[in-house]
2 protein chains.
Amino acid sequence: MFASQNPDPRMAAARTPPHPCASWPDNGQGIRDTLDRVGDKWSILVIGILGAGPLRFGALYDQVPGISQRMLTRTLRHLERDGLLTRTSYPEVPPRVEYELTPLGDQMRETAYTFVRWATDHNDEIEAARHRYDNR
Amino acid sequence: MFASQNPDPRMAAARTPPHPCASWPDNGQGIRDTLDRVGDKWSILVIGILGAGPLRFGALYDQVPGISQRMLTRTLRHLERDGLLTRTSYPEVPPRVEYELTPLGDQMRETAYTFVRWATDHNDEIEAARHRYDNR
DNA sequence: CTGTATCCTTCACGATACTG
DNA sequence: CAGTATCGTGAAGGATACAG
């Protein structure tokens with residue numbers, strides 16, 4: 001890793017154009033961190049589902065098709081850690097635990113929605129491009 | 001694929017919603033596919049950088065901090081396959097290859113920008129939540 | 001310069017069994 | 001019901017060498 005950004009002011013007037021991650025803010029650092037955080041297999045899905053309102057563990061388990069118990073637990077813990085949802089445990093028997101988006105989490109859901117919508121709307125178009133490429 | 005959109009008016013009054021991925025369109029299928037496609041470590045970064053204009057292989061390699069040659073090639077191939085960018089090879093010596101976003105790719109970049117912007121703007125907030133969680 | 005071809009490591013994830 | 005503990009697997013990605 002020797003050719004990262006060059007913060008040396010003396011090199012400011014070097015020949016070749018600078019090497020920022022153009023077009024993305026923060027040199028792409030924000031999206032890098034965020035993808036590491038919610039770019040896994042289930043996070044976005046869980047966030048989307050919780051957008052409809054708080055749910056308990058079992059209900060989430062039913063609504064995320066294909067997720068394992070282990071991954072649901074892990075995903076929820078991570079999202080809780082990041083402040084995107086809250087976990088509320090009720091001291092009953094049998095135990096009941098409810099998960100709910102925080103304002104921050106809901107904000108993220110709203111922001112992601114635009115992108116998800118685009119993805120859904122252009123799925124066919126991308127799929128078509130794939131087939132064209134494969135039969136080139 | 002049996003649970004796509006159902007425009008049939010006779011099904012309008014069906015029973016309670018079984019297991020829909022509420023809050024996301026297409027039962028989350030679009031975002032599932034899209035994350036499988038551009039949710040890897042580099043795709044979004046490359047798309048963002050190419051938003052500033054076409055670049056050749058070496059320039060991209062310089063501008064994506066930390067990427068390996070292998071992964072840059074793979075990422076570019078995948079994005080080309082999905083119709084998000086074009087690859088133009090000029091028959092010169094030494095070889096010159098330019099990559100440029102397609103209209104579809106640029107549309108995706110624009111759509112993603114909102115989300116990336118949010119991610120960048122709230123990075124600190126999330127980082128703080130993490131720290132709070134770890135010291136709970 | 002623009003890639004391939006191998007090899008290797010890590011780790012995300014799934015399956016299963018068990019627990020308060 | 002809502003988890004945890006443990007093990008196994010595959011795939012993603014990095015390092016390096018080589019090629020057209």
Side-chain angles (χ1 to χ4, degrees), chain A residues 1-4 15-17 19 28 31-46 49-50 54-82 85-100 133 136, chain B residues 28 31-46 49-50 54-82 85-100 133 136:
Chain A
M1 192 109 37
F2 50 89
S4 52
R15 318 172 288 116
T16 47
H19 302 195
I31 186 56
R32 168 84 292 143
D33 289 346
T34 302
L35 280 182
D36 289 345
R37 181 159 24 236
V38 297
D40 59 69
K41 198 170 178 181
W42 305 108
S43 291
I44 294 285
L45 241 38
V46 168
I49 290 173
L50 283 179
L55 282 177
R56 49 194 298 183
F57 187 87
L60 269 169
Y61 187 71
D62 290 339
Q63 293 207 24
V64 185
I67 199 172
S68 67
Q69 210 170 37
R70 184 177 110 92
M71 286 316 295
L72 180 55
T73 304
R74 285 174 59 93
T75 302
L76 290 169
R77 286 292 176 280
H78 288 145
L79 295 177
E80 183 194 5
R81 183 166 111 102
D82 292 341
L85 56 79
T86 59
R87 174 183 183 276
T88 311
S89 176
Y90 297 91
E92 309 171 355
V93 177
R96 177 166 61 102
V97 179
E98 281 207 342
Y99 293 92
E100 181 172 19
Y133 184 90
R136 78 206 172 276
Chain B
I31 186 57
R32 169 83 291 145
D33 290 345
T34 302
L35 280 182
D36 289 345
R37 180 159 24 235
V38 297
D40 59 68
K41 197 170 178 181
W42 305 109
S43 291
I44 294 285
L45 241 38
V46 168
I49 291 174
L50 283 179
L55 282 177
R56 50 193 299 183
F57 187 87
L60 268 169
Y61 186 70
D62 289 339
Q63 294 205 24
V64 185
I67 198 172
S68 67
Q69 212 169 36
R70 184 177 109 93
M71 287 315 294
L72 181 55
T73 304
R74 284 175 59 94
T75 302
L76 290 170
R77 288 291 175 283
H78 288 144
L79 295 177
E80 184 194 4
R81 183 167 112 102
D82 291 342
L85 56 79
T86 59
R87 176 184 183 275
T88 311
S89 176
Y90 298 90
E92 309 170 358
V93 176
R96 177 167 62 100
V97 179
E98 282 207 342
Y99 293 92
E100 181 172 19
Y133 184 92
R136 98 214 95 105

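By convention in this document, chain letters (A, B, ...) are assigned in the order of the sequence lines, proteins followed by strands, and residues within each chain are numbered from 1.
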- Can you name the closest pair of heavy atoms from A/Val38 and A/Ile44 and give their distance? O-CG1, 3.4 Å

- Query: Between the two end axes of the helix from C/dC1-D/dG20 to C/dG20-D/dC1, each built from 5 base pairs, what angle do you get to the nearest 10°?
  - Reply: 50°

- Note on the structure: The nucleotide from D/dA2, C/dC1, D/dG3 with an atom nearest the side chain of A/Arg56 is D/dA2

- Query: Nearest-Å distance, CD (B/Glu98) to C1' (C/dC1)?
  - Reply: 13 Å

- Item | Reading 5' to 3' through nucleotides 13-20 of chain D, protein heavy-atom contacts under 4.0 Å coded B for base, S for sugar-phosphate only, - for none | BBB----B

- Message: Applying salt bridge (Lys or Arg N to Asp or Glu O under 4.0 Å), can you list everything that pairs with A/Glu98, at least two apart in sequence or on another chain?
- Response: A/Arg96

- Task: Please check the phosphate of D/dT4 (OP1 and OP2 only) for any side-chain N or O of A/Arg77 closer than 4.0 Å.
- Result: yes

- Rounded distance (Å) that lies between atom P of C/dA12 and atom CG of A/Leu35: 14 Å

- Please give, in whole Å, the distance from C/dT2 P to B/Arg96 CZ? 9 Å

- Let me know the distance between CD of A/Glu80 and C1' of D/dA2, rounded to the nearest Å. 14 Å

- Does the A/Arg32 side chain pair with the main chain of B/Lys41, one donor and one acceptor, at a distance under 3.5 Å? yes

- Message: In whole Å, I'd like the distance from the CG atom of B/Leu76 to the C1' atom of C/dT2.
- Response: 11 Å

- Task: Looking at every strand, decide which applies to A/Tyr99 at a 4.0 Å heavy-atom threshold: base, sugar-phosphate, or nothing.
- Result: sugar-phosphate

